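Small disclaimer: the values here were computed from a predicted structure and weren't measured. Numbers restart at 1 for each chain; the letters A, B, ... are given by sequence-line order, proteins then strands. Side-chain atoms are counted along with the backbone in the values below, which use heavy atoms only and exclude waters and symmetry mates.
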Amino acid sequence: MAEKLPSRSENFADWYNQLVLKAELADYAPVRGCMVVRPYGWALWENIQAALDRRFKETGHVNAAFPLFIPMHFLEKEKEHVEGFSPELAVVTHGGGEKLEEPLVVRPTSETIIGYMYAKWIKSYRDLPVLINQWGNVVRWELRTKLFLRTLEFYWQEGHTAHATEEEAREETLRMLGVYADFAINEAAVPVIQGVKSESEKFAGAVQSTTIEAMMGDKRALQAGTSHFLGQNFAKAFDIQYLDRNNTLQYVWTTSWGLSTRFIGAIIMVHGDDQGLVLPPRLAPIQVVIVPIYRNESQKSEVMEAVRRVGGELTEAGIRVKVDDRDEVTPGFKFNDWEMRGVPLRIEIGPKDVEKGSVALARRDIPGREGKSFVPQAGIAQTVAEMLTTIQDALLARATAFRDANIHDPKDYAELQEVVKDGWAFSWWCGDAECEAKVKADTKATTRCIPLEGVEGEGKCIVCGKKATQKVYFARAY
RNA sequence: CGGGGUGUAGCGCAGAUGGCAGCGCACCGCGUUUGGGACGCGGGGGUCGGCGGUUCAAGUCCGCCCACCCCGACCA
């Protein structure tokens, strides 16, 4: 652990990279574009997994595991799918010292191999719906990589469902988007906008892609999770058919939805500050760190007795606590160290606290004196639990206010070009891909989504001035 | 793949005109410290990105290669 971070406001990209390394979330692997998720980062991911997995189970899904390798020709069965993914495939050509008959693709996503299996398993309307999720890793050979946000290999979950009717599949698509939004907002304190992707931004092979979009601390957008309505595209490509009640063969309707370790990047970029990471209490691997303070052995034994008692009460109450009893570093160092790692709440216990029966509480979301308070040891579990809730709520409120303050409604195209330099635009759009492409060429901003909570009425397209019935977010994105 | 840059200890760097490979941080040991990034003393650590060439002598000069980073076209 080490020195200060670059200033977040002055050099966001550098701040981000160093934070990831110094907070020990991840490190660069010896292969270009690959990362190692370190134990602290993985613990965060495990908490994300638990929060999502619980929601998947509650909505009737089960987990399974499909192979990493996919026969090359599977990808080629769905035209848009192969066009979308072929530039970024890792392909295995040899195995066991022999050249393979057919190359194997390392999965960039699993629609094809799961589609193949679904065709085997689904025979009757009684077999539907199939609601399966998989936790795993995928590989996409990206050109420009960045820790967590875009690496060659990443970890995620991908849900794949098959339904008897279009309506059911569309409902499922939106249900799971809602699950992501609920997770993002209520677990990660990351405010997101649910919406529909434009034709050019949608998943290769989908009929419709939906997304949760979040605003990062530098006002760029991040697609934090996606849910796709695949229509019958994969059903037809893989011949997934069932007999309906009338004994007629029908193609199923499928969906897929995914959320990846990229979300860790979102948490970092939404909540982090110049001191380092700031974790939402509900996902933080360590919610409270206790730092003992003493000058000599006799103070140490008194202090440690209080530290153990307080720590025990918190653990008892189900709070994730860490006692930092390292003797080789000073308390001041520990304060900075745990702030870098984003622990939501710090408790300091020193000789004065032993004397008064108190502890010092320091909130991570409010750095310095302002976030410090002194509370009695009696009833500490309750005090801390309430404080964690307060912090969780404060993070969401702050991020939401920041986002809303940086979404603009430009009056004309010239103003749109200005606002997307440092914020989002929410504008009428005729839906024409040419208008979308023009904005991208002029400003690097892309359409992020047409929000599900649509806007009433109609206006004029911000680009071409033609009639428009929908508003879309434009922003520079990760 | 185009444009730019960098490779010397784990990290950050220095090493005019070729001549014993160094500094800061980190790491190890001992002691003093400890309520916002402690200090002293001692110590370990290197195929100088790789290969070839010039030379009595190459981290330094020349050639080729490799890797990585930053900026542009694609992306959860």
Side-chain angles (χ1 to χ4, degrees), chain A residues 1-5 11 13-14 17-18 21-22 27-34 83-89 108-109 137-146 148-158 180 197 200-204 206 209 211-214 221-228 256-266 275-276 291-297 299-300 303 324-340 346-356 358-362 367-369 371-372 374 437 440-441 444 446 477-478:
Chain A
M1 241 300 308
E3 328 292 273
K4 282 196 174 123
L5 244 29
N11 193 344
D14 207 23
N17 285 331
Q18 292 198 37
L21 298 174
K22 287 180 174 162
D27 200 355
Y28 292 103
V31 180
R32 178 197 73 86
C34 292
E83 280 172 9
F85 281 107
S86 57
E88 49 186 67
L89 294 179
T109 179
N137 57 338
V138 288
V139 169
R140 299 180 186 176
W141 214 264
E142 301 289 351
L143 300 178
R144 301 199 14 70
T145 59
K146 198 170 165 80
F148 288 116
L149 298 180
R150 192 175 306 105
T151 47
L152 298 200
E153 180 187 15
F154 59 90
Y155 302 88
W156 74 344
Q157 57 68 220
E158 45 179 326
Y180 287 155
K197 282 289 185 188
S200 70
E201 294 285 329
K202 80 175 190 198
F203 175 75
S209 285
T211 175
I212 51 170
E213 294 286 326
L222 183 80
Q223 179 174 312
T226 48
S227 181
H228 312 290
S256 68
W257 25 275
L259 186 146
S260 75
T261 38
R262 170 181 259 198
F263 202 93
I264 292 175
Q275 317 307 318
V291 178
I293 294 151
Y294 45 79
R295 286 171 191 279
N296 53 50
E297 282 303 313
Q299 281 185 352
K300 180 177 177 179
V303 165
D324 188 351
D325 57 2
R326 283 179 292 177
D327 240 343
E328 65 274 17
V329 290
T330 61
F333 181 91
K334 293 178 185 177
F335 297 167
N336 288 285
D337 195 19
W338 293 109
E339 281 168 11
M340 180 69 76
R346 179 180 71 242
I347 292 179
E348 303 165 21
I349 301 180
K352 291 180 218 161
D353 298 297
V354 171
E355 204 180 302
K356 295 185 210 158
S358 64
V359 305
L361 270 189
R369 282 244 163 275
K372 253 189 182 182
F374 300 88
K440 188 174 180 181
K444 294 178 193 162
T446 51
Y478 276 98

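Where A:Thr145 and A:Glu328 meet RNA chain B, the nucleotide closest to each residue was compared, and A:Glu328 sits on the side nearer the 5' end.
Residue contacts for A:Gly258: at a heavy-atom cut-off of 4.0 Å it reaches no nucleic acid atom on any strand shown. Residue A:Gln223 is in sugar-phosphate contact alone, with no base atom involved, counting any heavy-atom pair closer than 4.0 Å across all strands shown. Here A:Lys372 lies in heavy-atom contact (under 4.0 Å) with a base. Residue-level contact check: A:Asp353 touches the bases, meaning some heavy atom is under 4.0 Å from a base atom. Residue A:Leu222 is classed as having no contact, given no heavy-atom separation below 4.0 Å to the nucleic acid. Across all strands shown, A:Ala360 has heavy atoms under 4.0 Å from base atoms, whether or not it also approaches the sugar-phosphate. Among the heavy atoms of the strands lying under 4.0 Å from A:Arg346 is at least one base atom, whether or not backbone atoms are also near.
Applying the Watson-Crick and G-U wobble criteria (two distances, each under 3.5 Å), B:U60 pairs with nothing in any strand. Checking B:C1 for Watson-Crick or G-U wobble geometry (two distances, each under 3.5 Å) identifies B:G72 as its partner. Using Watson-Crick or G-U wobble geometry with both donor-acceptor distances under 3.5 Å, B:A9 finds no partner in any strand shown. Pairing for B:G36 is absent, with no Watson-Crick or G-U wobble pair whose two atom distances lie under 3.5 Å.
At a cut-off of 3.5 angstrom, counting only N and O atoms as typed in the model, there is no donor on one side facing an acceptor on the other between the side-chain of A:Arg295 and the base of B:G35. Side chain A:Asp337 to base B:G37: no donor-acceptor pair is found below 3.5 Å.
Ring-to-base geometry does not place A:Trp156 in a stacked arrangement with B:A76 (centre distance under 5.5 Å, plane angle under 30° required).
In terms of the side chain to side chain contact (heavy atoms under 4.5 Å, CB included) criterion, residue partners of A:Ala221 (sequence neighbours excluded) are, by chain and number, A:Glu213, A:Trp424, A:Arg448, A:Ala475, A:Ala477. Contacts of A:Thr109 classified as side chain to side chain contact (heavy atoms under 4.5 Å, CB included), with partners at least two apart in sequence or in another chain: A:His81, A:Phe85, A:Glu111, A:Arg140, A:Trp156, A:Glu158, A:Phe203.
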